[in-house]
**Q** 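Sending over a structure as structure tokens; questions will come in a sec.
Naming: A, B, ... by sequence-line order, numbering from 1 per chain.
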2 protein chains.
Amino acid sequence: MTATNGRPQAGGDAANGRPGNGSDAVHTDTVSTVVRQWQAVHPELDTGPMEVIGRINRCAALLQQAEDAPLRRAGLSRPEFDLLGALRRTGHELTPGELVRETFSSGAAVTKRLKQLTERGLVERRGDARDRRVAHVRLTDAGRDLVDGILPEQLAYETTVLSALAPEGQGELAALLGDLLSRLEGRTGVLRA
Amino acid sequence: MTATNGRPQAGGDAANGRPGNGSDAVHTDTVSTVVRQWQAVHPELDTGPMEVIGRINRCAALLQQAEDAPLRRAGLSRPEFDLLGALRRTGHELTPGELVRETFSSGAAVTKRLKQLTERGLVERRGDARDRRVAHVRLTDAGRDLVDGILPEQLAYETTVLSALAPEGQGELAALLGDLLSRLEGRTGVLRA
DNA sequence: AACATGTGTTTTACCAGTAAAAGACCTACC
DNA sequence: GGTAGGTCTTTTACTGGTAAAACACATGTT
């Protein structure tokens, strides 16, 4: 459980942090294989970060596929659901600009999605009286019902997916990711550099 | 699944065995805000999975932006780098089909990328003598040099990005994600369902 | 040998996302 | 009150992805 930071020499276990797991139950996840390959080719490099970032990326990819299953049944993509969800969880109307911020997507993407969701009757828009540039978007009843119907399925699905981890493991993971995320989000400078 | 299931709210540190790091600094990451909003609207739902999956997704999104910085300087997208990296780290030629499996992308995407990378002189292809359906792709010297030049930058960048976490935290995170990932990858049925 | 079936790769048609510019509108200052 | 500059949103042009079909070839069977 020593250095992830300082040269994980031989064996990918360096970043593994757990006490006695050297031999049994070898992690056969693809990332550890990839890391081993890199270390064989470039033994001088510290591949520690890969073990974290590679896994985050890969988990995200796999989980999104998994999560998408309940959504697709409802004919929604994940970004569409995110948009509807933002409206639902805030509980009030949002402007397109606010939706951009809530869903972390570009303005153009939000415009397109709103168009489609409006056509499907899931959201409505009205203009602002004072400032005619801005629009206000709200869920229709159908939109709200759809979100409320999907969300429990979604969470149940996620629960089973995460059941690979013990509850304490899930807590740890959430906490660690929270640490990382709050720093990442706080220091946007790091990201834009 | 009761409302507040085993969710590690303030007691998270108890369950998660982290020694010194019990800094009760409130996590101000966006995910915790989102989760709070959902709980206000649907107090009966167990939002535990969101704290993990939401954060994985968000971290992935932010980290990819971060990682992309060094790549973009070299005029490569991440999927392109993944392809070149697969060739580099395996150390031998790969067929398009193998590249599909290594990089987790579709065949069509690999074909397109190979075309571009070939035009840029970073990879070469040759046919197979025995089976004329298959091609063999290898890095050119320029391609190899490019990868070798970028990789250290990339890792350095990732190291600074992860410096938000203490080394032990990084190890724990890698281990937990490895657990999750190896189960996710093993049980493909869960994902394709 | 001829054919059905399977595999490796590419092509086609299409869809969603982005960046940059445009458009519409506000505001504040001269 | 007109105009410069800023903000909110949409449009445009394009890129890159996917799914499904097409293509080219191999293989096993009769």
**Q** Would a distance-only check, ignoring hydrogens and angles, find a side-chain to backbone donor-acceptor pair under 3.5 Å from B/Glu185 to A/Thr30?
**A**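 Yes, because the side chain of B/Glu185 sits within donor-acceptor range (under 3.5 Å) of the backbone of A/Thr30.
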**Q** Using a 4.0 Å cut-off on heavy atoms, which residues in residues 95-121 of chain B reach DNA chain C? List them by number, or say none.
**A** B/Thr95, B/Pro96, B/Gly97, B/Gly107, B/Ala108, B/Thr111
**Q** Roughly how many Å is it from CG in A/Asp82 to C1' in C/dG17, rounded to a whole number?
**A** 15 Å
**Q** Between the main-chain N or O of B/Ser77 and the side-chain N or O of B/Glu80, is there a donor-acceptor pair closer than 3.5 Å?
**A** yes
**Q** Can you give the first and last nucleotides of DNA chain D, 5' to 3', that have an atom under 4.0 Å from a heavy atom of chain B?
**A** D/dG16 to D/dA26
**Q** Which pairs of donor and acceptor atoms, one on a side chain in residues 107-114 of chain B, lie under 3.5 Å apart (sequence neighbours left out)?
**A**
residue: B/Thr111; atom: OG1; partner: B/Gly107; partner atom: O; Å: 3.1
residue: B/Arg113; atom: NH2; partner: B/Ser105; partner atom: OG; Å: 2.6

**Q** For B/Glu124 and B/Thr140, which I'm curious about, is there any donor-acceptor pair between the side chains at under 3.5 Å?
**A**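 No, because no side-chain N or O of B/Glu124 sits under 3.5 Å from a partner of the opposite role on B/Thr140.
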**Q** Closer than 3.5 angstrom, by distance alone: can the side chain of B/Ser32 be matched with the main-chain N or O of B/Thr28 as a donor-acceptor pair?
**A** no
**Q** Check if the side chain of B/Arg133 and the base of C/dT7 share a donor-acceptor pair of N or O atoms closer than 3.5 Å.
**A**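 Donor-acceptor pair under 3.5 Å: yes.
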**Q** Starting at the 5' end of DNA chain C and moving along, which residue's nearest nucleotide shows up first, A/Asp131 or B/Arg125?
**A**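 Result: B/Arg125.
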**Q** So if I apply the salt bridge (charged side-chain N to carboxylate O under 4.0 Å, His left out) rule between B/Asp29 and each of B/Arg58, B/Arg55, B/Arg36, which one comes out positive?
**A** B/Arg55
**Q** Would you call A/Asp82 and A/Arg78 a salt bridge, taking side-chain N to carboxylate O under 4.0 Å as the test?
**A**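 Result for this pair is yes, salt bridge flagged.
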**Q** Over how many whole Å does the gap from A/Leu83 atom CG to C/dA16 atom P extend?
**A**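 One finds 14 Å between P of C/dA16 and CG of A/Leu83, rounded.
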**Q** Whole Å only: how far is the CZ atom of A/Arg72 from the P atom of C/dA16?
**A** 10 Å
**Q** Does the pair A/Arg130/A/Asp128 count as a salt bridge with the N-to-O cut at 4.0 Å?
**A** no
